[in-house]
Novice: 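This is the structure, below, for whatever I ask next.
All values below come from the heavy atoms of this structure, side chains included, with hydrogens, waters and symmetry mates left out. Convention: sequence-line order gives letters A, B, ...; per-chain numbering from 1.
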Amino acid sequence: MLFLSCERRPCQCAMPASPWPTPRSVRQASQLHAVLTTSGKIVHPPSAGHLLSSLTNCLSAPLHLSYALSLFDRLPLHSTFLFDTALRACLRASAGADHPVLLFRRMRRGGVRADAFTFHFLFRCCSLARARAGLCRMLHAACLRTMLPSAGTLVTNPLIHMYAVLGLTDDARRAFDEMPVKDAVAWTTMIGGLAKMGLLDEARRLLVQAPERNVVSWTSLIAGYSRAGRAAEAVNCFNSMLSDGVAPDEVAVIGVLSACSQLKDLDLGRSLHFLIGEKRIKMSDNLVVALIDMYAKCGDIACAQGIFDAVGRGQKPQPWNAIIDGYCKLGHVDIARSLFDQMDTPDVITFNSMITGYIHSGRLRDALLLFMQMRRHSLRADNFTVVSLLTACASLGALPQGRALHASIEQRLVEDDVYLATALVDMYMKCGRVDEATIVFQRMGERDVHTWSAMIAGLAFNGMGKVALEYFCQMKRNGFQPNSVTYIAVLTACSHSCLLNEGRLHFKEMRSSHGIHPQIEHYGCMVDLLARSGLLDEAMDLVQTMPMQPNAVIWGSILSACRVHKKIDLARHAAEHLLKLEPDEDAVYVQLYNIYIDSRKWVDASRIRMLMEERGVKKTAGYSSITVAGQVHKFVVNDQSHPWTFEIITMMEEIAHRLKSVGYSPITSKITVDVDEEEKEQALLAHSEKMAIAFGLISLPPNLPIHIMKNLRVCEDCHSAIKLISKLWKREIIVRDRSRFHHFRDGTCSCNDFW
DNA sequence: CTAGGGTTAG
């Protein structure tokens with residue numbers, strides 16, 4: 001209405017060439033369009049140009065672009081300016097590279113001369129749309145043929161940017177070097193392109209050469225170092241910028257804050273916070289996010305909360321996301337959730353952070369409920385969500401759900417990427433499907449050090465240590481640098497497969513060839529390997545010479561090896577340490593009790609019993625679970641609560657019968673209760689593992705493997721009984737217990753575990 | 001008409 005009121009009287013302030021007011025919205029543009037059409041003025045090139053140009057300035061939706069392009073199509077005359085404006089419209093609507101290329105072809109067919117703006121917009125469209133390298137080079141060639149040599153930076157700067165965005169740094173560099181006159185933007189674009197590709201040393205060299213070092217060049221270098229994990233260099237770079245006399249702005253500070261988060265350097269963080277106030281740098285939302293994130297990661301959550309309360313409680317979800325993530329990372333999921341519930345408009349990132357927080361604290365049910373709530377906010381799951389859910393499936397051993405997620409990836413409901421593929425490998429491995437994990441791994445386009453590590457760790461857990469080491473060799477041959485996580489996987493492979501010499505070799509090599517200092521986890525693997533191999537003295541030497549205090553995992557390895565290798569004194573020593581570290585962990589008492597019983601030290605054994613009673617330590621009940629048709633069925637010893645108890649017992653009797661008929665005798669020697677042999681056999685038969693397997697045999701189709709999860713360790717009798725069951729029933733049985741996978745097939749098990 | 005940035009994942 002407001003706009004129409006000027007329709008008869010042209011604005012005084014408008015350009016003299018165009019007697020029309022300037023529309024400020026698509027709606028106003030369409031009104032002007034109507035007026036021009038009815039008055040026949042639409043054929044007047046300056047009027048039409050004015051309309052198209054001002055419409056272009058208002059574009060905000062794809063529909064607007066089709067309006068603008070249809071308007072363009074109906075114009076009687078197509079000048080270079082009009083084509084350039086149409087290209088500008090494509091850019092504004094970020095509508096990919098197809099429209100621009102078609103426009104360019106029409107231009108040449110129509111004999112319309114291309115000018116500097118034409119190529120300027122074409123190159124920018126290609127950058128935005130990440131166009132194919134071939135197309136970009138073609139347009140570049142067309143540009144060289146068409147343009148006067150002195151086209152200038154209006155064309156070359158977007159050209160360099162285009163090549164840099166596509167990762168074609170050589171093309172970018174050549175174009176840059178061939179520029180007769182380089183302005184500040186050219187230098188900055190080139191430096192930024194190199195920094196983004198991780199070519200930081202080259203970027204730095206260029207920065208030194210540049211006639212002028214501005215805040216933008218410095219910032220791209222700072223961010224580059226920070227992204228590459230070279231946080232200390234990022235901070236140095238920031239300091240160099242300051243001493244170079246370049247004033248930091250909001251973006252520069254955000255970059256150095258993220259480096260500071262990595263370094264967890266609270267003092268530096270505080271001084272940066274002070275600098276913001278001192279230099280009166282604008283406190284944008286993004287800066288607030290970076291500050292909250294920095295304080296949270298540097299361990300000062302109170303300060304993070306303070307900033308959030310002061311400036312973060314607006315409508316924008318980003319500051320909320322930063323503080324929620326901070327609480328989740330510290331394990332305070334309930335505080336995070338209460339903030340989450342206060343939000344008006346959570347976005348995908350909010351949900352992803354909260355879901356991941358729940359998953360990392362083992363609250364998978366809450367994670368799932370939240371995932372289902374996303375629909376109510378009409379939010380779609382993205383790659384982050386799917387990776388988190390795959391992690392949950394991996395830790396639950398939920399193979400069918402994991403497969404469903406895989407299917408949604410294959411159907412391209414989410415974009416395939418390295419993270420996703422690695423999470424898939426991890427999920428299949430943790431569900432015992434080495435074959436499927438391998439297929440995913442082999443089909444992936446891009447791999448990185450995490451992918452290889454997941455593969456090696458997965459093979460290790462599945463008892464395929466030798467294969468894991470082959471993958472490790474292949475990884476190094478392909479030029480990937482192993483990191484400390486990779487070495488945890490490699491050493492786990494050695495300890496789970498009892499590869500003593502290989503373990504020693506890799507433990508030595510990690511420091512000598514790759515400069516990785518062993519952490520407690522690496523020592524843990526080595527101690528386990530030595531102890532399992534019966535070299536308890538050597539294991540203890542390592543424990544005493546390592547530069548940190550042994551943790552419960554390490555004493556646990558020693559203790560369980562002591563039972564097998566009958567080292568009572570060392571067992572007592574290890575147990576003492578364990579009871580100090582974890583006085584409530586029932587497994588320690590049970591282990592020590594069993595060791596005393598094994599060696600007939602009845603008095604010591606009963607002392608342990610008493611100690612447990614005194615301290616109120618309860619033995620956690622062992623249970624096994626199996627998922628059938630999406631439902632989890634949980635069994636404890638002698639369980640009669642299941643609705644199919646009758647069928648299960650019948651099946652267990654058949655199992656006992658068939659085992660006996662092939663000469664199997666239950667391993668009753670470890671049972672310490674004083675009952676007769678037959679009762680012992682009955683007790684073993686009622687173990688939760690066997691109940692779950694019996695139920696699986698009844699309820700799952702014969703071609704499906706049976707997956708069982710056990711919260712403790714599979715007992716010796718169950719282990720050898722399941723081997724036989726897998727042979728007699730010709731079924732694959734996969735049991736995941738506390739420390740590893742047991743893959744039973746045709747009478748064998750993949751694990752190298754002992755009792 | 002222009003170059004640099006943050007929070008969620010394996």
Side-chain angles (χ1 to χ4, degrees), chain A residues 84 88 91-92 116-117 120-121 123-124 127 152-158 160-161 164-165 183-193 195-196 203 214-224 226-227 241 248-259 261 284-294 296-297 312 316-326 328-329 347-357 359-360 382-392 394 414 417-427 429 447-455 457-458 485:
Chain A
D84 289 351
R88 187 161 65 92
L91 179 69
R92 270 199 69 118
F117 282 103
H120 172 96
F121 290 123
F123 293 151
R124 288 182 63 201
S127 305
T153 54
L154 182 69
V155 175
T156 39
N157 289 349
I160 295 165
H161 187 235
V165 161
D183 63 3
V185 176
W187 283 94
T188 308
T189 309
M190 193 63 229
I191 293 167
K196 202 155 221 164
N214 60 25
V215 65
V216 178
S217 311
W218 280 112
T219 306
S220 51
L221 205 58
I222 292 166
S226 178
R227 266 196 305 269
M241 179 181 89
D249 67 358
E250 177 207 339
V251 183
V253 175
I254 290 170
V256 72
L257 275 173
S258 99
S261 307
S284 64
D285 281 328
N286 294 333
L287 187 51
V288 171
V289 168
L291 269 173
I292 292 173
D293 180 63
M294 181 278 293
K297 293 223 169 91
K316 290 268 176 58
Q318 289 91 329
W320 293 86
N321 295 347
I323 190 79
I324 285 172
D325 178 60
C328 283
K329 289 270 157 66
D347 65 3
V348 197
I349 296 180
T350 326
F351 273 92
N352 288 342
S353 304
M354 205 58 235
I355 288 170
T356 312
I359 289 173
H360 282 127
D382 65 2
N383 288 21
F384 284 83
T385 329
V386 176
V387 168
S388 294
L389 294 174
L390 280 170
T391 311
V414 285
D417 72 6
V418 206
Y419 280 83
L420 217 42
T422 306
L424 271 178
V425 168
D426 186 54
M427 184 276 295
M429 281 298 193
R447 295 176 194 143
D448 64 12
V449 59
H450 299 276
T451 324
W452 285 96
S453 303
M455 196 64 198
V485 178

Novice: Would you kindly check whether a donor in the side chain of A:Thr422 faces an acceptor in the base of B:dG10, or vice versa, at under 3.5 angstrom?
Specialist: yes
Novice: Does A:Arg124 have a side-chain nitrogen or oxygen under 4.0 Å from the phosphate oxygens OP1 or OP2 of B:dC1?
Specialist: no
Novice: If I take atom CD1 from residue A:Ile160 and atom OG from residue A:Ser127, how far apart are they, to the nearest 0.5 angstrom?
Specialist: 11.0 Å
Novice: So what does A:Asp417 touch, heavy atoms closer than 4.0 Å: a base, only the sugar-phosphate, or nothing?
Specialist: base
Novice: Distance check: side-chain N/O of A:Arg227 vs OP1/OP2 of B:dG5, anything under 4.0 Å?
Specialist: yes
Novice: For the residue pair A:Asn321 and A:Thr350, confirm or rule out a side-chain donor-acceptor distance under 3.5 Å.
Specialist: yes
Novice: Tell me what A:Thr188 touches on the nucleic acid: a base, only sugar-phosphate, or nothing, going by heavy atoms under 4.0 Å.
Specialist: base
Novice: Distance alone, cut at 3.5 Å: any donor-acceptor contact between the side chains of A:Thr188 and A:Asn214?
Specialist: yes
Novice: Would you say A:His360 reaches B:dG10's phosphate, i.e. side-chain N/O to OP1/OP2 under 4.0 Å?
Specialist: yes
Novice: Does a side-chain N or O of A:Lys196 approach OP1 or OP2 of B:dG5 to a distance below 4.0 Å, or not?
Specialist: yes
Novice: How is A:Asn157 classified with respect to the nucleic acid when contacts are heavy atoms under 4.0 Å: base, sugar-phosphate, or nothing?
Specialist: nothing
Novice: Looking at every strand, decide which applies to A:Thr451 at a 4.0 Å heavy-atom threshold: base, sugar-phosphate, or nothing.
Specialist: base
Novice: Using a 4.0 Å heavy-atom cut-off across all strands, classify A:Asn214 as base, sugar-phosphate, or nothing.
Specialist: base
Novice: Is any N or O donor-acceptor pair between the side chain of A:Asp285 and the base of B:dG6 shorter than 3.5 Å?
Specialist: no
Novice: Could you check whether A:Lys297 pairs with A:Asp293 (Lys NZ or Arg NE/NH1/NH2 to Asp/Glu carboxylate O, under 4.0 Å)?
Specialist: yes
Novice: Within the side chain of A:His120, is there an N or O that forms a donor-acceptor pair under 3.5 Å with the backbone of A:Ala116?
Specialist: no
Novice: With heavy atoms under 4.0 Å as the rule, sort A:Val386 into base, sugar-phosphate or nothing.
Specialist: nothing
Novice: With a 4.0 Å limit, can you tell me whether A:Lys297 has a side-chain N or O closer than that to the phosphate oxygens OP1/OP2 of B:dG6?
Specialist: no
Novice: What is the nucleic acid contact for A:Ala223, judged by heavy atoms within less than 4.0 Å: base, sugar-phosphate only, or nothing?
Specialist: sugar-phosphate
Novice: With a 4.0 Å cut-off on heavy atoms, is A:Asp448 in touch with a base, just the backbone sugar-phosphate, or nothing at all?
Specialist: base
Novice: Using a heavy-atom cut-off of under 4.0 Å over every strand shown, decide if A:Val425 touches base, sugar-phosphate, or nothing.
Specialist: nothing
Novice: Checking all strands, does A:Lys329 fall into the base, sugar-phosphate, or nothing category for heavy-atom contacts under 4.0 angstrom?
Specialist: sugar-phosphate
